[in-house]
Amino acid sequence: MTYKTIEKGAVDAACVMQDYQLEYQKFHWEQAEQALAGLPEGGLNIAFEAVDRHLNTDVAEKAALTFLSRNSTDIEHSLTYQQLAEQSSRFASALQQMGLKPGDRVYCLAGRIPELFITALGTLKFGGVFSPLFSAFGPEPIRSRLEIGQASVLVTTEKLYQKKLATWLLELDFLKHCLVVTEPEHTAPAGTESFHTLLQQGDPGYQCHPTRPEDPALLHFTSGTTGKPKGALHVHQAVVAHRMTAQFALDLRQDDIYWCTADPGWVTGTSYGILAPLTLGATLIIDPADFDAERWYSILQDRGVTVWYTAPTAIRMLMKYGTELPQQVDLTALRHMASVGEPLNPEAVVWGTKALGKPFHDNWWQTETGGIMIANYPCLPIKPGSMGKPMPGITAAIARRTDAGIEWVDAPGEAGELVLKAGWPSMFRSYLHEEARYQKAFQDGWYFTGDLAQFDEEGYFWFVGRADDVIKSSGHLIGPFEVESALMEHPAVAEAGVIGVPDELGGEVVKAFIALKPGYQANEELIREVLGLARKRLGPAVAPKSIEVRDNLPKTRSGKIMRRLLKARELGLPEGDISTMEGNNE
Ligand code: AMP
């Protein structure tokens, strides 16, 4: 079914982008760079742009972060820009007092608590590299990410420490400090230090380290098809894109009440859940609780949210509750709604107009791009199901890689790999310790995104699918190899192949196929045991939802499990080229 184009509404005079075509033609990155303050003595620092630049302005005394209570939509705790500047300076100074050096990596494993924001901004101020971890990860993904990045510091909560880290964390010889956010009356567990004690000892007047635009700032892990997770490294220059994309794609302005529902463990939670909105002086709503449809509508109403950035899985869950709930709340303050992370079904865009009075604006980007690259804008009509058009400053195209060079797809409606002309400010600068893997992502000055897409006659881009075996489940990118490795740890498992299968709510869910070692019998108890092990090791968000036992799994002659074939067979799709399959002698 094709959906009717949603014509643009009246573009409000204060809208940051009034005319897409004009903006796209005249835009230069230098223009976005000039909008930044820069460090007083030269240099560029993301945290300075997010917080300190607002000191001595009208923004200093307004709320930067407002944390909601778990039990109601009341504000439980709020920090002004001035307070956030002081707290993050204290943390930066504490890092200095601990003997850390700029460039050292500070990780955070926590939910949406004030300490996470203070850690992120303080680390950046100190010149350290901030790396968030998803709090629903099990010990295995946490450990591998700490190891790859050789974390110097980990900030976490008492609860997460006891549940996931206590038995092994302190063995890591590279980890110098574990800082634990404890209940006020508790002391930090043995071998760790109290986050708040150190914070109190820090200097609230600490001046931002003179970082340069190309100094490393953020480390985000993402999953590939093979091998370990990839550590995508971003630099301070990324803030040029953070700020500008939030203006153009989210229409974000200083007087906005902004709510980003992304988990802080993933890149959206940092780029648009912390940094970009602060650079614009907006007020952020932070909800520590999990999804709950009624609560979410109440937050939109009670907190007067004006710009809302959310994700398809959440929108699909809201859709399940129908249009009655949103009709009981007053959403007149809400001006702009955007979505990211996975394909946004056209029905969801249209549902927005019916249930909430406005459409969701889909946009596309990924960990490696550091910021929004393709978007629907308030000043353009929306074609439901399309990701929109490239951001000003971004050249997107559809291409195929060949040994002879890039083969361009010039015809509308023809699928190929989505590529971006390299060189935008928030482009990742390396995959940590994996230069060859990094180089492989580029060809002739273009970055190959790993996504298949197509464009139409009017220059709108449409997502087609992933070019690799990576799984997107409820917005989380999951590497099949990481899951397979955990399954193989069970003594009964001889082989494992993991795929994503379509799911109405989560987009995809993880399904595993295993073959057993001789002497083991497939039965429900064994499957439950393997599933249990995977959940314990990986955490419920990453572990398979179901496991099927096969006598053997399809493999290439070189012994690689053919996930693509497993998936085709599971979904009844054409099997494609199976000439390389082991045992196929046709
Ligand atoms: P991550 O690096 O975890 O942010 O995941 C990035 C991947 O999520 C992209 O490469 C896409 O496969 C998918 N993705 C993100 N946004 C969209 C979107 N608007 N439509 C379709 N897929 C998306």
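Read the numbers this way: they start at 1 and go in the same order the structure lists the ligands and their atoms.
Atom CD of Glu435 is surrounded by more than 12 heavy atoms from other residues, nucleotides or ligands within 6.0 Å. For CZ of Arg535, the number of neighbouring non-hydrogen atoms (other residues, nucleotides, ligands) closer than 6.0 Å is 12 at most.
Selection from Met387, Gln366, Lys230 by nearest heavy atom to atom 6 (C) of ligand 1 gives Gln366.
Residue pairs meeting the ring pair (Phe, Tyr, Trp, His ring centres under 6.0 Å) criterion with at least one partner in residues 129-151, sequence neighbours excluded, are Phe134-Phe137, Phe134-Trp266, Phe134-His476, Phe137-Trp266.
Distance from atom 21 (C) of ligand 1 to its nearest protein heavy atom, with residue and atom name: Pro343 N, 3.2 Å. Scanning the protein heavy atoms around atom 2 (O) of ligand 1, the nearest turns out to be Thr367 OG1, 2.6 Å. For atom 12 (O) of ligand 1, the nearest non-hydrogen atom of the protein is Asp451 OD1, 2.9 Å. Looking at atom 18 (C) of ligand 1, its nearest protein heavy atom turns out to be Glu342 O, 3.4 Å. Ranking protein heavy atoms by distance to atom 16 (N) of ligand 1, first place goes to Gly341 N, 3.2 Å. The protein non-hydrogen atom at the shortest distance from atom 5 (O) of ligand 1 is Lys472 NZ, 2.9 Å.
Between the side chains of Thr310 and Ser339, no donor N or O sits under 3.5 Å from an acceptor N or O.
Note that Arg145 lies outside the cation-pi zone of Tyr107, set by a 6.0 Å cut-off to the ring centre and a 45° limit from the axis.
Close approach of ligand 1 to Asn363 (heavy-atom distance below 4.0 Å) involves ligand atoms 16 (N), 18 (C), 19 (N).
Considering backbone and side-chain atoms alike, Thr449 places every N or O at 3.5 Å or more from each N or O of ligand 1.
With a 4.0 Å cut-off on non-hydrogen atoms, Trp365 touches ligand 1 through its backbone and not its side chain. In Thr268, neither the side chain nor the backbone holds a heavy atom less than 4.0 Å from any atom of ligand 1.
No heavy atom of Leu344 sits closer than 4.0 Å to any atom of ligand 1.
Remark: Glu434 does not engage Lys230 in a salt bridge, criterion side-chain N to carboxylate O under 4.0 Å.
In terms of modelled atom types and a separation under 3.5 Å, the side chain of Thr5 and the main chain of Glu7 share no donor-acceptor contact.
For Tyr447, the ring-ring contact (aromatic ring centres under 6.0 Å, His included) partners are Phe428, Phe442, not counting sequence neighbours.
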